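Okay, structure first, notes after.
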Amino acid sequence: MRSRTYLARYVTRQDPSAPFALLTVLMMTEKTRPPTTIYLTIKRRYFMIRNDLRNVAIIAHVDHGKTTLVDAMLKQSHTFRDNQAVDERVMDSNAIERERGITILAKNTSVHYNGVKINIVDTPGHADFSGEVERVMMMVNGVLVLVDAAEGPMPQTRFVVQKALEMGHRLIIVVNKIDRPDARLSEVQDEILELLLELNASDDQLMSPVVWCSGRDGTATLDLNTPGKDLTPLFETILNHIQPMEVDENGPAQILCSSIDYNDYVGRIGIGRIERGTVRAGQSVVVTNYNNQSLKQPGKIVNLYQIEGLNRVNCETAAAGDIVCFSGLDKINIGDTVCSPENVEPHKFVKITEPTVEMTFSVNDSPFAGKEGKWVTTRHLRDRLFRELLRDVSLRVEETDSADSYRVCGRGEMHLSILIENMRREGYEFQVSTPRVMYKYIDGQKYEPVERLIVDIPDEASGAVFQSMGNRKGELLHMSAIGSRTRLEFLIPARGLFGYKSEFLTSTKGEGVMNSVFFEYQPYKGDLNRRSTGSLVAFETGEAVTYGLFNAQGRGTLFIGPGTPVYEGMVIGESPKNEDINVNVCKTKHLTNTRSSNSDDALRLITPKKMSLEECLEFIGDDELLEVTPKNIRIRKRILDSELRAKAAAKIRKGLA
């Protein structure tokens, strides 16, 4: 006679997510038979195979064509009417996503093919939003790995593929943009195989099928010698290679919440996959969490939705394996598990990679504070930042010693800049500090985050890039020639990339492409000079005039034009010298007894440099802040008074001496 513990351990080894019904019936089964026989018998009896469903995520590096391919899949599955006008990149519904041409938030959609519903999760490709990819991996059981036919696997490709392999998902390799003139089809296929070998993929994952696609044209083929006509080969590969899920429909209900949305009419909406059982609208449930098992919050699922195309359709019931949206649980968070009251059992959630960059958000205290924003107080700022935590699992917000400031940690400058831009558009007024990397101390030694950087540059620009990487503590890993261009791969401290983008574009004359992703923490590599230029600082409060700007533009590059309101301590330009220069841009030309104020020739001003939010974050120094309002973005000194600022600088120099 075998013990119940022995059989339970055997089943757990065979299937770590063994359903509740299987384990329950196991206890009532005759123990004299071999455990393999017991396991397979009960599995056939109590599991249901969802042949009518596939859940897949599309993962790739930024700009490799994920959203464009989803557009083609939606159109060819007849999700839209034949005469329906549909925008390009229809999944990028966010205003900032459309402006920047990138996906920021993971989104769900679905298509139907040959009687099978395919739930698709479109994920971001930028490394700063990789937390979105990590959390949705729990909703799917297979992934489409998109790779550009010319660029090949990039840093984010490595990251997302590694996460998919860790989850044990089956892969379908989709080489996209095969119609590009510079496509390297055979080389890219070899690079993908090398990547899978480096990441210790299983034999099954190494044998993943390859589909050659053109997302823009909506074609796919399994053989390069046979041009594709539509996406049928891709749909067929999904159905044949992504195995249908074996689910337990009879067990107690269990939903793992992997995403959060909000609706003004029904409030908070949870999105997740039903792991077990059947869920009904109006059903009483209990919310718990794997990392906080003392949480047992009773509630009720008021509305239940299935995702059909781009819409959410009301439904009365949904079965295990379905990805559903549900409302009625106002305190539901990402990572929570919704369970039946008779069996409160939390489901383990994926561990999200820790943030590596931090900034300080504080209430705006400049002379122009409160003039342009709708939400300006500490309470408004605090509520908004902590509300963001409910949706963004990669973000961290902490209180500081100051009641007006908060420490906000994220994956990178882009991650935090999108938060700043969203808050600005919502009417918030605040100020932020320069980005800083987050250090760790291991066995008393200081460690810092290191990034894997890949740059594609013209051959003639390689010297300038090598020089910059040397100054920023970069280490060359790999160098290869691709036609008339060179691909360089470096390991570089994350702080070494702060402010480098504009320098890189200048060095490569705008033809270079750079991408990076977090690699690991390594011992501190020494001090770095963050900025080699200084700032032009306004000397008095007023309105910038042409005469004052004409005299100031000889000192450096201006950021403002005539008529711009300025205040003392506001940064109005960049100085080529490694020191700040006070300038009076409000100075006017006064009338004298010999000539009028406008008798000289017209003054010609150089067009000022308009700084974007990301450029401002790259530019500001440790003694500066970025003032953000719904109407303007201004750079300012922490100490506005020029005399106090000079005294503080003298104390610092004296201390260093």
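Any value given below was found using the heavy atoms of this structure, including those in side chains, with hydrogens, waters and symmetry copies removed. Bear in mind that the values here come from a model prediction, so they are computed numbers and not experimental data.
- A donor-acceptor pair is defined here as one N or O able to donate and one able to accept, closer than 3.5 Å; such a pair exists between the side chain of Asn422 and the backbone of Ile418.
- A distance-only check finds a donor-acceptor pair linking the side chain of Asp148 to the backbone of Ala150 [under 3.5 Å].
- The pair Glu191-Arg184 meets the salt-bridge criterion, since a charged nitrogen lies less than 4.0 angstrom from a carboxylate oxygen.
- When side chains are defined from C-beta on, Ile334 counts as touching Phe349, because their heavy atoms get closer than 4.5 Å.
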Review point. Are Gln205 and His169 close enough, and set up right, to give a side-chain hydrogen bond (donor to acceptor under 3.5 Å, both in side chains), and what steps lead you there?
Key: CA-CA 8 Å; Gln205 291 164 334; His169 291 325; over 6 Å; no
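- In this structure, the side chains of Glu520 and Pro449 stay at 4.5 Å or more apart for every pair of heavy atoms.
- Summarising the geometry of Ile255 relative to Phe326, their closest heavy-atom pair is CG2-CE2, 3.8 Å, with the distance given to 0.1 Å.
- With Asp336 contributing its side chain and Val287 its backbone, the two residues share no donor-acceptor pair below 3.5 Å.
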Exercise for review: Start with the C-alpha distance between His61 and Asn515, add both sets of side-chain angles, then the distance that settles side-chain hydrogen bond (donor to acceptor under 3.5 Å, both in side chains), and finish with yes or no.
Suggested key: CA-CA 9 Å; His61 189 78; Asn515 294 285; 2.9 Å; yes
Exercise for review: For the pair Trp212 and Asn176, evaluate side-chain contact (heavy atoms from CB on, under 4.5 Å) and give the outcome as yes or no after the intermediate values.
Suggested key: CA-CA 6 Å; Trp212 309 90; Asn176 195 26; over 6 Å; no
Exercise for review: Please report the C-alpha distance between Tyr113 and Glu236 in whole Å, then the side-chain angles of each, then the deciding distance to 0.1 Å, and finally whether the side-chain hydrogen bond (donor to acceptor under 3.5 Å, both in side chains) criterion is met.
Suggested key: CA-CA 9 Å; Tyr113 179 79; Glu236 291 290 345; 2.7 Å; yes
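- Here the CD-CD distance, from Glu316 to Gln306, works out to 12.0 Å after rounding to the nearest 0.5 Å.
- Here the side chain of Arg135 pairs a donor or acceptor atom with the backbone of Ser258 at under 3.5 angstrom.
- Judged purely by atom type and a 3.5 angstrom limit, Arg273 has no side-chain atom pairing as donor or acceptor with the backbone of Leu256.
- Under 4.0 Å is where a charged nitrogen must lie from a carboxylate oxygen, and between Arg276 and Glu249 no such pair does.
- Between Cys257 and Gly270, the closest heavy-atom pair is SG-CA, 4.0 Å.
- Put simply, the side chain of Ser340 gets close to the backbone of Ala253: a donor and an acceptor are under 3.5 Å apart.
- No more than 12 heavy atoms of other residues, nucleotides or ligands sit less than 6.0 Å from atom NZ of Lys348.
- Atoms CE and CD, on Met137 and Glu134 in that order, are 8.5 Å from each other to the nearest 0.5 Å.
- Within a 6.0 Å radius of CE in Met207, other residues, nucleotides and ligands contribute 12 heavy atoms or fewer.
- Using a 4.5 Å heavy-atom threshold, the side chains of Thr157 and Leu195 count as touching.
- For the pair Arg158 and Glu198, the salt-bridge criterion is met [side-chain N within less than 4.0 Å of a carboxylate O].
- A salt bridge links Arg312 to Asp261: one of the charged nitrogens lies within less than 4.0 Å of a carboxylate oxygen.
- Between Leu144 and Ile238 there is a side-chain heavy-atom pair separated by less than 4.5 Å.
- Between the side chain of Asp223 and the main chain of Asn225, a donor-acceptor pair closer than 3.5 Å is present.
- Between Met73 and Leu234 the shortest side-chain heavy-atom distance falls below 4.5 Å.
- The shortest distance between side-chain heavy atoms of Leu329 and Arg268 does not fall below 4.5 Å.
- Between the CG atom of Leu304 and the SG atom of Cys315 there is a distance of 4.0 Å, given to the nearest 0.5 Å.
- Under the 3.5 Å distance criterion, the side-chain polar atoms of Thr288 are matched with a main-chain donor or acceptor of Leu295.
- A 4.5 Å side-chain heavy-atom check between Ile58 and Leu146 finds at least one atom pair inside the cut-off.
- For Tyr290, the OH atom is loosely surrounded, since the number of other residues' heavy atoms within 6.0 Å does not exceed 12.
- Side-chain atoms of Glu451 and Phe519, non-hydrogen and from C-beta on, never get closer than 4.5 Å to each other.
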Practice item. Kindly determine whether Asn333 and Arg391 satisfy side-chain hydrogen bond (donor to acceptor under 3.5 Å, both in side chains), including the steps that lead there. Key: CA-CA 8 Å; Asn333 291 317; Arg391 186 191 60 81; over 6 Å; no
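- Note that OG of Ser202 is 9.0 Å distant from CZ of Arg170, once rounded to the nearest 0.5 Å.
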Exercise for review: Using the side-chain contact (heavy atoms from CB on, under 4.5 Å) rule, take Leu69 and Leu231 through it: C-alpha gap first, then chi angles, then the decisive distance, then the call.
Suggested key: CA-CA 9 Å; Leu69 180 62; Leu231 293 178; 4.2 Å; yes
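- A distance of 5.0 Å separates CG of Leu239 from CD1 of Ile118, quoted to the nearest 0.5 Å.
- Using a cutoff of 4.0 Å between basic side-chain nitrogens and carboxylate oxygens, Glu354 and Arg396 are scored as salt-bridged.
- Among Val121, Ile59, Asn108, the one residue that satisfies the side-chain contact (heavy atoms from CB on, under 4.5 Å) test with Val136 is Val121.
- For the residue pair Glu151 / His64, a side-chain donor-acceptor distance below 3.5 Å is found, with atom types taken as modelled.
- Between Asp322 and Lys117 no salt bridge is recorded (no basic side-chain N to carboxylate O distance below 4.0 Å).
- A distance-only check finds no donor-acceptor pair linking the side chain of Gln156 to the backbone of Ala60 [under 3.5 Å].
- Rounded to the nearest 0.5 Å, atoms CD (Glu194) and CD (Glu187) are 11.0 Å apart.
- Note on Arg216 versus Asp179: salt bridge recorded, some NZ/NE/NH1/NH2 to OD/OE distance being below 4.0 Å.
- Side-chain N or O atoms of Asn55 include one that pairs as donor or acceptor with a backbone N or O of Gly321 at under 3.5 Å.
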